[in-house]
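Take a look at the structure below.
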Amino acid sequence: MTGKSEGLERAVEAISVADLIVVATGAGMSKESGIPTFRDAQEGLWAKYDPQQLATRQGFREDPARVWGWYNYRRGLIARTEPHAGHGSVARLETLVRELVVVTQNIDGFHQQAGSTDVLELHGNINRFKCLDHDHPIELDVPIADCDGPLSPPGCPFCGSPVRPDVVWYGEMLPPGVLERAERLARSCDVMLVVGTSGMVQPAAGLPLVARSSGATVVEVNTDPSHLTTQVDVFLQGRAGIVLPQIVAGVERRKASA
Ligand code: NAD
């Protein structure tokens, strides 16, 4: 038996007997759908901007059209693509185990689209909107533009401040209650399956460490070693769209033979 299949067996075993599984996902989870990570996304027209300009309050205040245009471009990408086999496997796994919660850093809504029913969005959702100054929630039917250039945001109908995507930018707090629930889940889960995150963005990056120190088995799926890899129990190197279906197939086999 090779190291990789031993790791897979260990992951399948831990997942099969777990009462609570947390699947913690990052940008790498959506990469096979064609959604670039922030770094990958800074191509072409956007290459000259860094995340400090595109994903901070200050960047938005300095140039709202630049940031709104970039998010509109990303919304267009998300609208034109769809969840892949890995998202489907997470939704399928939910039906095979006692309790499974997805805790995601992604803002694309793909887990819900694939059928996962309990998804905690740490960083918000790109298809929700609020105003900059007062967080007034805004219902907006923003046309999906093909244009990937600057675009002026509409004004809030209540206070006039610019409308922004309801996502968590660098330096902002997570929505009330969200981090608390994520930490509770990390402390009480039996298995945390960490998929496609570099483990560099806090506070999400701390959750696997909380889980491990609380006694959970931490399994990581990533194409490359991350900042978390040395601290997990099982590292499964590979693409989410390949490895997650393998895990689910293993759990299904175990169930069938039990
Ligand atoms: P990251 O870009 O820092 O790291 C991505 C990780 O995914 C890397 O470790 C990489 O090796 C791995 N990876 C790449 N392709 C993979 C694949 N096919 N299968 C498995 N792993 C793969 O992403 P992060 O850790 O999520 O942090 C970046 C921040 O950017 C987050 O705050 C997130 O909210 C935001 N973001 C979200 C989206 C989205 O909603 N889809 C996209 C880009 C960025």
Side-chain angles (χ1 to χ4, degrees), residues 4 7 11 23-43 46 49-56 59 67 70-90 102-114 116 119-128 165-175 178-179 182 192-209 219-232 234-247:
K4 190 162 182 191
V23 182
T25 64
M29 177 79 216
S30 293
K31 194 153 171 182
E32 288 157 83
S33 289
I35 306 301
T37 63
F38 273 159
R39 209 159 305 141
D40 296 335
Q42 279 148 1
E43 290 163 355
W46 305 104
Y49 303 119
D50 70 25
Q52 287 304 316
Q53 294 170 310
L54 295 168
T56 60
V67 176
W70 189 68
Y71 275 92
N72 210 38
Y73 154 73
R74 290 182 67 79
R75 284 177 53 249
L77 277 181
I78 290 164
R80 285 190 292 275
T81 52
E82 47 187 35
H84 61 74
H87 296 97
S89 297
V90 174
V102 177
V103 175
T104 188
Q105 296 176 72
N106 295 343
I107 56 176
D108 51 39
F110 280 168
H111 285 294
Q112 295 92 322
Q113 221 177 301
S116 288
V119 181
L120 188 60
E121 292 178 318
L122 294 176
H123 295 166
N125 191 301
I126 197 168
N127 285 307
R128 268 198 327 258
D166 190 359
V167 299
V168 178
W169 282 333
Y170 292 107
E172 292 187 317
M173 304 284 280
L174 269 53
V178 167
L179 182 59
M192 184 174 282
L193 182 55
V194 185
V195 187
T197 176
S198 56
M200 288 166 72
V201 178
Q202 294 293 352
L207 296 174
L209 312 181
V219 178
E220 181 183 27
V221 177
N222 200 309
T223 45
D224 296 291
S226 73
H227 278 70
L228 299 167
T229 304
T230 57
Q231 301 172 75
V232 302
V234 180
F235 176 57
L236 299 174
Q237 187 156 15
R239 297 190 341 235
I242 303 286
V243 179
L244 293 172
Q246 289 172 344
I247 292 176

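Each ligand, and each atom within it, is numbered from 1 in the order the structure gives.
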Looking only at atom types and distance, does a side-chain atom of [X] sit under 3.5 Å from a main-chain N or O of [Y], one as donor and one as acceptor?
X      : Y      : answer
Ser33  : Glu82  : yes
Gln112 : Val119 : no
Gln53  : Asp50  : yes
Gln202 : Gly206 : yes
Glu220 : Val232 : no

Which atoms from ligand 1 have a heavy atom of [X] less than 4.0 Å away?
X      : result
Pro36  : 42 (C), 43 (C)
Ser30  : 41 (N)
Arg74  : 38 (C), 42 (C), 43 (C)
Asp108 : 39 (C), 40 (O), 41 (N)
Thr197 : 6 (C), 7 (O), 9 (O), 24 (P), 25 (O)
Glu32  : 17 (C), 18 (N), 19 (N)

* Asked: Who pairs with Asp108 by side chain to side chain donor-acceptor pair (under 3.5 Å), at least two apart in sequence or on another chain?
  ->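 Only Ser30 meet the side chain to side chain donor-acceptor pair (under 3.5 Å) criterion with Asp108.
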Measure from [atom] to every heavy atom in [options] and give the option owning the shortest one.
atom                    : options                        : result
atom 5 (C) of ligand 1  : Ala204, Gly199, Gly26, Gly196  : Gly196
atom 14 (C) of ligand 1 : Asp224, Val243, Asn106, Thr223 : Thr223
atom 29 (C) of ligand 1 : Ile35, Asn125, Leu122, Val201  : Val201
atom 26 (O) of ligand 1 : Ala27, Ser33, Gly241, Ala240   : Ala27

* Asked: Excluding sequence neighbours, so at least two apart, what forms ring pair (Phe, Tyr, Trp, His ring centres under 6.0 Å) with His84?
  ->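 His84 satisfies ring pair (Phe, Tyr, Trp, His ring centres under 6.0 Å) with His87 once adjacent residues are dropped.
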* Asked: Does the side chain of Phe235 come within less than 4.5 Å of Leu228's, by heavy atoms?
  ->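 When only atoms from C-beta onward are counted, Phe235 and Leu228 do not touch, as no gap falls below 4.5 Å.
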* Asked: Do the side chains of Glu121 and Thr104 get nearer than 4.5 Å, heavy atoms only?
  ->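 Yes - at least one pair of side-chain heavy atoms lies under 4.5 Å apart.
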* **Close approach of Met200 to ligand 1, heavy atoms, under 4.0 angstrom** =>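 In this structure, Met200 fails to qualify as a contact of ligand 1 - no heavy atom is under 4.0 Å.
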* Contact partition for Lys31 relative to ligand 1, non-hydrogen atoms under 4.0 Å ->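 The answer is the side chain.
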* Asked: Taking N or O atoms only and a 3.5 Å limit, does Arg239 qualify as a polar contact for ligand 1?
  ->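 No; the residue has no nitrogen or oxygen that sits under 3.5 Å from a nitrogen or oxygen of the ligand.
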